Every structure is written in structure tokens, then in C-alpha cells.
Amino acid sequence: MTNSDTITDQVFDVESIRKDFPILQTKVYGKPLIYLDNAATTQKPLQVLQTLEKYYTEYNSNVHRGVHLLSQQATEAYEAARKKIAAFINAKHDHEVIFTKGTTNSINLVAYTYGRKFLKEGDEVLISAMEHHSNIVPWQIICEEKNAVLKVIPIDEAGELQMNEFDKLLTPKVKIVAVTYVSNSLGTVNPVREIIAKAHALNIPVLLDGAQAVQHMPLDVQELDVDFLAFSGHKMYGPTGIGILYGKEKWLNDMPPYEGGGDMISHVTFAKTTYNELPFKFEAGTPDISGAIALGSAVDYIQQAGIHAIQQWEEELIAYAYDKLAAIPSLRFIGDARHRAGAISFLIGNIHPFDTGEILDKQSIAVRTGHHCTQPLMELFHIPGTVRASFACYNTKAEVDELVRAIEKAKRMLE
Ligand code: C6P
């Protein structure tokens with residue numbers, strides 16, 4: 001089954017999903033935890049935790065190295081996880097899926113290797129005003145090194161990309177477009193199909209930051225025809241320390257290696273080294289073996305729940321939350337895009353987001369406050385940060401009601 005399969009009859013039973021996440025039974029300050037910081041990292045289901053435990057208790061061993069049984073088992077499980085992830089995003093080849101440490105690491109890999117090979121003085125890299133620092137800073141570093149220019153697609157008040165400005169900025173000088181699929185701060189879902197089609201019309205590759213997309217909606221890299229996709233395991237019910245770079249075979253073959261070391265070589269002499277084939281060329285050193293295998297379990301978990309069913313449930317939940325939050329006097333949303341997913345950002349009157357966050361915390365509600373690693377975006381809105389509630393498949397409408405009640409209490413205390 002791939003992501004693009006339409007599942008119309010899958011029932012989403014949030015109460016039974018919740019039973020899979022032991023941490024949701026935790027009490028914070030004596031009250032049940034309400035976890036609404038899922039854009040930062042999601043909680044992990046038992047299935048993922050058990051995979052980690054099984055690996056370390058039953059077949060912990062290094063991959064691609066030993067002839068002994070345990071090493072073979074570890075290698076098989078590691079490569080099976082790659083296959084699952086390739087199927088999940090519908091990659092044409094398994095070797096287009098590179099295990100990395102996470103989204104940040106994946107984007108740095110592309111910035112350094114693609115950038116080193118293809119950027120020249122005066123070339124441009126096009127990003128957007130709503131990027132996470134992880135999709136700004138690596139490009140700044142390589143642009144500085146290459147005397148290339150970083151250009152930024154502006155956004156409007158609603159937090160949507162100004163596509164007419166994108167059209168003007170997209171010239172043959174641009175050597176790569178790197179944009180987020182879903183904004184972690186605003187929840188905006190960007191028109192990535194249009195961006196990719198327009199960039200490809202000029203033979204410009206596109207990197208999508210999928211950190212806030214893959215856990216919320218079906219994503220098919222062949223259908224999108226995207227050149228690179230970066231995402232993190234820990235935001236999609238998997239462990240921290242593991243992530244994915246998908247890249248089209250053609251680009252990955254053309255790019256030089258990122259890090260040198262074990263596993264990424266074909267043959268080493270002091271005079272010259274030849275490199276391993278894909279995907280190993282980009283996986284130097286002992287990888288996060290348990291993390292990769294457990295990410296495979298997280299993908300199984302999402303597939304079993306059904307990504308379409310998850311999307312449908314989260315859309316219903318977010319629409320419910322918007323309606324309820326909109327009814328709170330003096331609450332204003334930061335970002336009001338027509339197409340949104342995952343996160344809702346807001347401010348209450350003149351109350352500093354940290355103060356709201358602290359009072360919510362004392363009522364056992366975990367939200368994130370601050371700039372969310374999107375400082376340039378916060379500057380555009382002339383705000384120090386936002387309060388952000390971000391959702392996962394295990395959240396409920398009752399939790400949204402609790403959030404609303406807690407915000408009203410915060411208002412009474414602070415306004
Ligand atoms: N955003 C948030 O609370 P890493 O840290 O490498 O797993 O992911 C970085 C990253 C890149 N792009 C986007 C769109 C992201 O949202 C993130 C992580 C978290 O919003 C932590 S700052």
C-alpha cells in the first residue's frame with residue numbers, strides 16, 4: 001500500500017489510538033497531560049518503543065559489516081526500514097532514501113553537496129519568508145562561500161506565499177528552490193505543486209522541507225515530482241536522532257559525498273578514494289540503526305492507522321479548535337491561510353506568549369511559545385513570538401475544550 005491509495009472507509013478510533021501511547025497516561029501537576037506540542041516532537045506509540053527494545057535486547061549489532069547472524073539481522077531490519085519509508089513516500093527506488101539525523105541534517109547535506117557542486121558566483125537560491133532556521137542558515141552559509149545570493153519569497157498578512165512575487169523571483173539565475181511544505185509556525189500549507197511545476201519549467205530543482213507535512217497528509221514524491229524531500233523521524237511518531245533525505249537518483253548521483261568515513265567508500269588508498277553507490281555514499285559511519293528500524297515501525301503505525309484517516313481526523317480537530325479559539329475575545333491568530341495543517345499560532349491581547357505558555361503549563365497543557373526557530377517570520381509580523389498549539393492524531397476535541405478553558409483562565413489572571 002502506498003500513501004497515494006485512497007482510503008475512504010477507514011474508521012479512525014482516537015480512543016484506541018491513545019491507548020498505544022503510554023505517555024498520554026502521565027499526570028502533570030497532578031492532572032492528565034494534554035500534549036499540544038507535536039510540531040516540536042510527537043509522542044511514541046508502544047509499537048515503536050518495543051522495536052527499540054527488541055533491537056537492543058535481541059539483535060544489537062552493526063550493519064553492512066559482519067558476516068555473523070546478528071549483524072545480518074540488523075542489516076536486514078535496517079534495509080527493510082528503508083524500503084518501508086521508500087514505499088511510504090512512494091520513492092521510485094529504495095536507494096533514493098538516505099538515513100540522516102533529521103530534517104536539519106538532510107537540508108545541510110543538500111546545501112553543502114549540491115551547493116558545492118552547482119552554485120557559482122552570482123547564482124541564486126530561492127527560499128521563503130516562512131522557513132525554519134534549518135532551511136535558511138545552511139543556504140546562507142553556502143551562499144556566502146560561493147558568493148551566491150539568497151532570495152526570499154515574501155508572504156502576505158494571512159501567512160500565504162505571494163505567488164506573483166515568486167513568479168518574478170524565479171529566473172534562470174536560481175539554481176535551487178527550497179521551501180517548506182507546511183509552516184511550523186503558521187500551519188500554512190504551501191502550493192508546492194505549483195512551485196515545483198514552475199521551477200521545473202526552468203529546469204530548477206526543488207527541495208521540500210517536509211518536517212511538518214509527512215505526519216499530517218499523504219505525500220507522494222513521484223506524483224509531486226519533487227527533487228529533494230527532508231523530514232524527521234521524531235515528528236512522525238518515531239525516535240529522535242533519525243531522519244530522511246529523499247533525493248532523485250539523478251541528483252544524488254551527481255552530488256559529491258557529504259561526510260567521509262566508513263560505509264560510504266568503495267575503495268580507499270592514500271592516493272585516492274572511490275565512493276560507494278547510493279544510498280551508502282551519503283551514510284558515513286555507523287548510522288542510528290535502532291532509530292532507523294524504529295522509524296520503520298512508526299511508518300507501519302501511520303500506515304495501519306491510515307494517513308488519510310489521520311488527515312481527516314486532524315482536519316476536523318483543527319477546524320473545531322479554530323472555531324472555539326476564535327470565540328475567545330482578544331485572541332488573534334497569527335497566520336490565517338486558507339489551507340492549513342498541524343499548528344495554530346495565536347496571541348492574546350498584549351500578553352507575552354511566555355506568560356500564556358506558563359499558565360497553560362500549570363494546567364497540564366503543553367504548548368510551545370516563542371519564535372519557533374522562525375525569527376525572520378516573527379519580525380515580519382512584528383511580534384516576539386506566538387503561542388502555538390500543534391496537533392497529532394491522538395489529540396481530542398475534549399483536549400481542545402480544556403485548552404480553551406485554560407486560555408480563559410490565563411486571560412483572567414493576566415489581562
Ligand atoms: N521544528 C518546532 O517546534 P529537526 O530539528 O532537524 O528535527 O527539524 C528542524 C525543522 C525543520 N523544518 C521545519 C519546518 C521544522 O518545523 C523543524 C523543527 C520544531 O517547530 C523544532 S524548532
Side-chain angles (χ1 to χ4, degrees), residues 35-44 85 98-112 127-141 152-153 155 159 161 177-190 192 195 206-217 219 226 228-246 258 288 291-292 294-295 298 334-335 337 339-346 353-354 357 360-361 366-378 385-392 395:
Y35 188 77
L36 297 174
D37 193 18
N38 295 288
T41 197
T42 59
Q43 301 302 344
K44 323 301 172 200
I85 293 150
I98 313 291
F99 284 116
T100 65
K101 290 189 281 186
T103 308
T104 304
N105 188 219
S106 299
I107 298 174
N108 274 280
L109 189 161
V110 179
Y112 283 106
I127 62 169
S128 90
M130 66 176 84
E131 297 311 314
H132 187 278
H133 297 163
S134 294
N135 201 26
I136 302 174
V137 185
W139 299 111
Q140 278 176 329
I141 294 171
V152 182
I153 311 162
I155 59 167
L161 293 180
V177 178
V179 289
T180 193
Y181 197 151
V182 178
S183 157
N184 66 319
S185 293
L186 308 174
T188 309
V189 179
N190 284 320
V192 294
I195 290 171
V206 176
L207 175 142
L208 283 186
D209 175 346
Q212 302 294 349
V214 283
Q215 65 280 55
H216 299 304
M217 59 188 69
L219 197 156
V226 68
F228 300 102
L229 173 73
F231 56 98
S232 300
H234 70 98
K235 295 183 197 289
M236 53 182 292
Y237 312 109
T240 51
I242 189 81
I244 298 295
L245 173 68
Y246 159 81
Y258 182 40
D288 180 359
L295 179 54
I334 306 299
H339 193 187
R340 286 179 291 211
I344 302 178
S345 261
F346 59 88
F354 290 154
L360 295 186
D361 173 55
V367 292
R368 187 171 171 189
T369 59
H371 55 65
H372 316 299
C373 299
T374 53
Q375 279 181 342
L377 180 64
M378 297 297 125
T386 75
V387 182
R388 183 188 69 182
S390 57
F391 298 87
N395 289 123

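What you see is a predicted model; the values in this text were computed from it and never measured. Just follow the structure's listing: the first ligand is 1, and inside any ligand the first atom is 1. Atom set for the values below is all heavy atoms of this structure, side chains included, hydrogens, waters and symmetry mates excluded.
Contacts of Asp209 with ligand 1, taken as heavy-atom pairs under 4.0 Å, involve the side chain alone. Residue contacts with ligand 1 for Ala40 involve both N, CA, C or O and side-chain atoms from C-beta outward (heavy atoms, distance under 4.0 Å). Neither the backbone nor the side chain of Lys101 has any atom closer than 4.0 Å to an atom of ligand 1 (non-hydrogen atoms only).
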Quiz item: Can you check side chain to side chain contact (heavy atoms under 4.5 Å, CB included) on Val137 and Ile141, steps first, answer last?
Solution: CA-CA 6 Å; Val137 185; Ile141 294 171; 4.0 Å; yes

Exercise. Before giving the answer on side chain to side chain donor-acceptor pair (under 3.5 Å), spell out for Thr100 and Ser106 the whole-Å C-alpha distance, their side-chain angles and the decisive distance to 0.1 Å.
Key: CA-CA 6 Å; Thr100 65; Ser106 299; 2.8 Å; yes

Practice problem: Decide side chain to side chain contact (heavy atoms under 4.5 Å, CB included) for Asn108 and Val110; before the verdict, give the C-alpha distance in whole Å, the side-chain angles of both, and the deciding distance to 0.1 Å. | Solution: CA-CA 5 Å; Asn108 274 280; Val110 179; over 6 Å; no

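Each of the following atoms of ligand 1 lies closer than 4.0 Å to a heavy atom of Cys373: 22 (S). Which parts of ligand 1 touch Asn184 is read off a 4.0 Å heavy-atom cut-off, strictly below it: atoms 1 (N), 2 (C), 16 (O), 20 (O). Residue Ser232 approaches ligand 1 through these ligand atoms, each under 4.0 Å from one of its heavy atoms: 4 (P), 6 (O), 7 (O), 8 (O). Below 4.0 Å from some heavy atom of Ser134 lie the following atoms of ligand 1, by number and element: 9 (C), 11 (C).
The closest approach between Arg388 and ligand 1 falls below 4.0 Å for a heavy atom of the residue. Between Thr180 and ligand 1 there is a heavy-atom distance shorter than 4.0 Å. Contact between Glu131 and ligand 1 is absent, with no heavy atom of the residue lying under 4.0 Å from the ligand.
Side-chain rings of His371 and His133 approach one another, their centers coming within less than 6.0 Å.
Side chain to side chain, Ser183 and Thr188 fail the donor-acceptor criterion of an N or O pair below 3.5 Å. Side-chain atoms of Asn184 and Asp209 form no donor-acceptor pair, as typed in the model, at a separation below 3.5 Å.
Remark: the backbone N or O of Ala211 is not paired with any side-chain donor or acceptor of Lys235 at under 3.5 angstrom.
Of all heavy-atom pairs spanning Asn135 and Ala178, the tightest one is ND2-O, 3.2 Å. Across all their heavy atoms, His234 and Ala40 have their closest contact at CE1-O, 3.1 Å.
Remark: minimum distance from atom 6 (O) of ligand 1 to any protein heavy atom is reached at Thr104 OG1, 2.5 Å. The protein heavy-atom contact nearest to atom 16 (O) of ligand 1 is Gln212 NE2, 2.6 Å. Distance from atom 2 (C) of ligand 1 to its nearest protein heavy atom, with residue and atom name: Arg368 NH1, 3.0 Å. Of the protein's heavy atoms, Lys235 NZ, 2.9 Å lies nearest to atom 19 (C) of ligand 1. Regarding atom 15 (C) of ligand 1, its nearest protein heavy-atom neighbour is His132 CD2, 3.4 Å.
For the side-chain contact (heavy atoms from CB on, under 4.5 Å) with Met130, the qualifying choice from Thr374, Thr180, Ile153 is Thr180, the only one to do so.
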